[in-house]
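Report on the following structure.
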Amino acid sequence: MTESMPEFAPEPAPDEESVDLVVVTGVSGGGRSTVARALENVGFYVVDNLPQALMLDMAQLAFAAGGAARRTAMVLDVRSRAFSTDLAGAVRVLKERGFLPRVVFVDADDEVLIRRFESVRRSHPLQGDGRLSDGIAAERKLLEEAREQADVIIDTSHLNVNQLRRRVEELFGGEDARRLRITVLSFGFKYGLPPDADYVLDARFLPNPFWVPELREHTGLEEGVSNYVLGQEGANDFVGTYAGLIAATAPGFEREGKRYLTVAVGCTGGKHRSVAIAEELTSRLRDIRLSAHSSHRDLGRE
């Protein structure tokens with residue numbers, strides 16, 4: 001099929017300013033369809049279930065077409081018979097032809113995937129005659145290299161559809177795609193570490209507002225809790241030190257082609273200290289002209 005297609009050789013070669021190319025893959029049940037719809041919402045032309053062998057042809061067509069097609073997202077599905085484990089090789093070919101694709105990998109915990117499949121009474125595309133967990137394991141093996149090569153990993157285990165949509169819109173909507181985008185993510189250690197974290201900050205050295213009766217039912221988004229947390233000895237130095245570290249390393253990450261950085265801030269439950277610290281750190285990063293937004297993974301779980 002590929003051999004019979006016309007050869008598109010754009011002149012001049014595409015670059016970041018002319019083509020905004022996103023490749024979306026990930027585990028079945030992880031939320032690829034929601035990601036695709038969210039990308040459409042922010043102006044991408046989305047090609048779903050594209051055979052991997054046609055990625056370069058699609059990119060060249062998008063460049064030649066111009067207009068809205070210059071922002072194109074290609075969604076790869078492991079269920080496609082043409083799917084290959086060599087996604088890294090396909091991305092490398094795109095880069096050799098002058099394209100700079102961003103690879104998004106959508107993931108979720110095995111237990112969450114099992115619940116999602118069971119709720120819709122659907123079998124996993126790779127389970128065959130085995131169990132649902134066997135299909136998930138087989139797919140993880142198939143996608144192992146793709147996950148390692150991804151520019152951004154979105155773990156949807158604790159995200160509903162609206163939260164996932166907002167996350168995608170924050171990452172891909174409007175801002176200069178060449179800038180490093182920083183997500184400051186609060187979380188609770190008792191719910192596990194975020195698997196996509198580049199930095200992990202531990203705010204548990206600060207007194208816990210949970211033990212202050214008038215603050216217990218409130219969150220770090222509220223002024224009373226925020227003032228209490230940031231007023232503790234060492235809190236401002238903690239935020240300032242990490243803001244300085246991120247500011248110092250951000251230009252290097254950009255030079256190396258990294259476009260997404262996740263800074264995870266944890267406390268025990270992800271409700272008070274980590275939320276207040278994440279909000280303050282986000283504000284300070286914005287003050288020094290870094291592209292940052294906050295997200296709160298475990299807020300509301302208690």
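Atoms considered below: every heavy atom in the structure, side chains included; atoms not considered: hydrogens, waters and symmetry mates.
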Exercise for review: Run through the side-chain heavy atoms of Ile, Leu, Val, Met, Phe, Trp and Tyr, join any pair under 4.5 Å, and report what else lands in Phe187's cluster.
Suggested key: Phe189, Leu193, Val200
State whether the side chain of [X] and the backbone N or O of [Y] hold a donor-acceptor pair below 3.5 Å, judged by distance alone.
X	Y	value
Gln232	Tyr228	yes
Arg70	Asp20	no
Thr156	Asp107	yes
Arg102	Asp151	no

Check your understanding: For Ala235, what residues pass the side-chain contact (heavy atoms from CB on, under 4.5 Å) criterion, not counting sequence neighbours?
Key -> Leu206
Exercise for review: Using the test ring-ring contact (aromatic ring centres under 6.0 Å, His included), find all partners of Phe210 that sit at least two apart in sequence or belong to another chain.
Suggested key: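 None.
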Review point. Listed by chain and number, what are the side chain to side chain donor-acceptor pair (under 3.5 Å) partners of Asp198, not counting sequence neighbours?
Key: Lys258
**Study point:** Partners meeting side chain to side chain donor-acceptor pair (under 3.5 Å) with His293 (sequence neighbours left out)
**Key:**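 His293 satisfies side chain to side chain donor-acceptor pair (under 3.5 Å) with Glu170, Thr183 once adjacent residues are dropped.
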Review point. For Lys190, does the NZ atom have more than 12 heavy-atom neighbours from other residues, nucleotides or ligands under 6.0 Å away?
Key: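 Yes, the 6.0 Å shell around NZ holds more than 12 heavy atoms from other groups.
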Practice item. Please check if the distance between the ring centroids of Phe253 and Tyr260 is under 6.0 Å. Key: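 No, they do not, as the ring centres are separated by 6.0 Å or more.
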Point to revise | pair Thr219-Leu299: side-chain heavy atoms closer than 4.5 Å | key: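 Thr219 reaches Leu299 side chain to side chain.
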Practice item. Measure the acute angle between the ring planes of Phe117 and His124, then classify it against the limits of 30° and 60° as parallel, tilted or perpendicular. Key: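 Tilted.
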Point to revise | cation_pi(Arg297, Tyr191) dist<6.0 Å, angle<=45 | key: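 So Arg297 doesn't make the cation-pi contact.
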Exercise for review: With sequence neighbours excluded, tell me which residues meet salt bridge (charged side-chain N to carboxylate O under 4.0 Å, His left out) with Asp196.
Suggested key: none
